[in-house]
Visitor: 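Sharing a structure here in structure tokens format.
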2 protein chains.
Amino acid sequence: MVKLRPASFLMLGMLRLGVRSGYAIKKATDISVRFFWPTSFSQVYPELTELEQNGLVTRRDDSHGARARSAYDVTEDGETALIEWLRSPVTTPLKFRDEGVLRLYFADELSREEQLRLVWRIRERARASELELRENILPLADPLTGKGIAFPGIVAKLGVDTFAYVEQWLGRLEAELEEAPPQDRG
Amino acid sequence: MVKLRPASFLMLGMLRLGVRSGYAIKKATDISVRFFWPTSFSQVYPELTELEQNGLVTRRDDSHGARARSAYDVTEDGETALIEWLRSPVTTPLKFRDEGVLRLYFADELSREEQLRLVWRIRERARASELELRENILPLADPLTGKGIAFPGIVAKLGVDTFAYVEQWLGRLEAELEEAPPQDRG
DNA sequence: GGAAGCATGTAAAGTGTTACATGATTTT
DNA sequence: AAAATCATGTAACACTTTACATGCTTCC
């Protein structure tokens, strides 16, 4: 059996949720898991082709007049692969690669004023992400919850709450930096 | 001027903190920012060579007997580049690419029991990361704080607190899943 | 009639990870 | 004597992002 990556399971999972075309998968990802697993057209189309070649999805023509469109369905093999992945131990170690936090690590190079500006910027970024999740992503997941599909909503809520927590944490850091005078080095 | 990436600034920043060799930069990263910006030997060495070619660092021989070693210093241009990066707006959007959360998104495919196992696994992963940060990374940053270098400690604390928050959040989710019976679909 | 959105893809560049390769020194 | 750690690098592979390329349909 072929080795599948998380990106492959993103396709399989989205198809299982009723999303049909490559275009729609990319769009659906943008308004759902993009904070946790973003993707692009140039990833989606080759991935679907590969999945079809391996018999995990089937493709059929779904053109509307002159506009070409392919619709995909998950095969039994595809469903098995998806579920086995969900059941298997999570091997990739948790990390949170983020340029903002990397900058923060080296912020002792800056003056107190500039440090505050940096922290503020990182906080604003967290705030913007939280807002985006809360206003544009969570509401789309709610109707699914009513239909017995709970986890898209759960994941959106996890994102909202985590980003809000980071935002508050950075707010407290700002307050502390404003109060405490910078210490002498050495 | 050449375009520098976050990885370049990781090198410059570590050198500014007193780390001297490529080997030491990789090791220092492993016990400090690796959760937010991991690196590898195969990234460090070419990166240092490039930085030297662009005049942002200088290299000198620091061999001990037959064991070869290069020591690097940040030039004025290098310091300027680092500080300008720290001052510039954070452009990269905040995302938290994580396979665990991606799985969670599709967890409606699983039985309630399997859902609980998945959530538990993700929570264990968060717990392990929190522990690693709290026990092995935070203590190393504390002595720096006493010397007026505060941000390595701040970043470690941010990591500890955030992972602890996620851990608790997932713990509550587990409790809710245990209580609530799975809803019928459709 | 123009803009936005639907729809599919390829090519190239950039970035990151893993495997390979070598050898010295220090610690157990 | 063996294991762990110090030290530097190359090569291959995997993955992601950006740019390019095209054309239809729907909404304003």
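Just so it is clear, the values below take in all heavy atoms, side chains as well, and ignore hydrogens, waters and symmetry mates. Just so we're clear, the structure is a prediction, and the values are computed from it rather than from any experiment. So that the names make sense, note that chain A is the first sequence line, chain B the second, and so on, each numbered from 1.
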Visitor: Honestly curious: do L110(A) and M14(B) fall in one hydrophobic cluster under the side-chain, below-4.5 Å linking rule?
Guide: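 Yes, L110(A) connects to M14(B) through the hydrophobic network.
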Visitor: Rounding to a whole Å, what distance do you find between D61(B):CG and dA7(D):C1'?
Guide: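 My rounded result for the distance is 12 Å.
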Visitor: Rounding to an integer number of Å, can you tell me how far F41(B) CZ sits from dG16(C) P?
Guide: 17 Å
Visitor: Find the distance L4(B):CG to dG14(C):P and express it as a whole number of Å.
Guide: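 Going from L4(B) (CG) to dG14(C) (P), I get 14 Å.
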Visitor: Quick check: F163(B) with F96(A) (ring centres under 6.0 Å apart)?
Guide: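 Ring-ring flag for F96(A)/F163(B): false, centres at least 6.0 Å apart.
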Visitor: Could you state the atom-to-atom distance from NZ of K3(A) to C1' of dT18(C) in whole Å?
Guide: 11 Å
Visitor: Return the 5'-most residue of the pair P6(B), H64(B) with respect to DNA chain C, ranking by each residue's nearest nucleotide.
Guide: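 Counting from the 5' end, the first nearest nucleotide belongs to P6(B).
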Visitor: From the set dG16(C), dG9(C), dT25(C), return the single nucleotide nearest to any side-chain atom of R67(B).
Guide: dT25(C)
Visitor: Any side-chain N or O of R97(A) under 4.0 Å from OP1/OP2 of dG16(C)?
Guide: yes
Visitor: Rounding to a whole Å, what distance do you find between D62(B):CG and dT25(C):C1'?
Guide: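 Distance check: D62(B) CG to dT25(C) C1' gives 15 Å.
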Visitor: Considering only dA24(C), dT8(C), dT25(D), which nucleotide approaches the side chain of S21(A) most closely?
Guide: dT8(C)
Visitor: For D73(B), run the side chain to side chain donor-acceptor pair (under 3.5 Å) check against R16(B), R60(B), R59(B) and tell me which one passes.
Guide: R60(B)
Visitor: Among the candidates dT17(C), dC6(C), dT5(D), find the nucleotide nearest to the side-chain atoms of K95(A).
Guide: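 Ranking dT17(C), dC6(C), dT5(D) by closest atom to the K95(A) side chain puts dT17(C) first.
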Visitor: When the aromatic ring centroids of F151(B) and Y105(A) are compared, is their separation below 6.0 Å?
Guide: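 Not under 6.0 Å, so no.
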Visitor: Rounded off to whole Å, could you give me the CG-to-C1' distance for the D98(A) and dT15(C) pair?
Guide: 17 Å
Visitor: Of the options dT16(D), dA7(D), dG16(C), whose atoms approach the side-chain atoms of Y23(B) most closely?
Guide: dA7(D)
Visitor: Return the nearest nucleotide to the side chain of Q43(B); candidates are dC6(D), dT17(C), dC6(C).
Guide: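 When the side chain of Q43(B) is considered, dT17(C) is the closest of dC6(D), dT17(C), dC6(C).
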Visitor: Have a look at R34(A) and say if it touches a base, only the backbone sugar-phosphate, or nothing, with a 4.0 Å heavy-atom cut-off.
Guide: nothing
Visitor: May I ask you to evaluate whether R69(A) reaches the phosphate of dT8(C), defined as a side-chain N or O under 4.0 Å from OP1 or OP2?
Guide: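 The answer is no; no side-chain N or O of R69(A) sits under 4.0 Å from OP1 or OP2.
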Visitor: Take S40(A) and K27(B), find for each the nucleotide of DNA chain D with the closest heavy atom, and name the residue whose nucleotide sits nearer the 5' end.
Guide: K27(B)
Visitor: Send over the distance from E52(B) CD to dG9(D) P, rounded to a whole Å.
Guide: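 Computing the E52(B):CD to dG9(D):P distance gives 10 Å.
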Visitor: Output the distance between atom CG (L116(B)) and atom CG (L173(B)), rounded to the nearest 0.5 Å.
Guide: 8.0 Å
Visitor: Compare the minimum distances between each of dG16(C), dG9(C), dT8(D) and the side chain of Y45(A), then state the nucleotide with the smallest one.
Guide: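 Given the options dG16(C), dG9(C), dT8(D), the side chain of Y45(A) is closest to dG9(C).
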Visitor: Rounding to an integer number of Å, can you tell me how far D30(B) CG sits from dT17(C) C1'?
Guide: 14 Å
Visitor: Which part of the nucleic acid, if any, lies within contact of S42(A), taking any heavy atom under 4.0 Å across all strands shown: a base, the sugar-phosphate backbone alone, or nothing?
Guide: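 Counting heavy atoms under 4.0 Å across all strands, the contact made by S42(A) includes a base.
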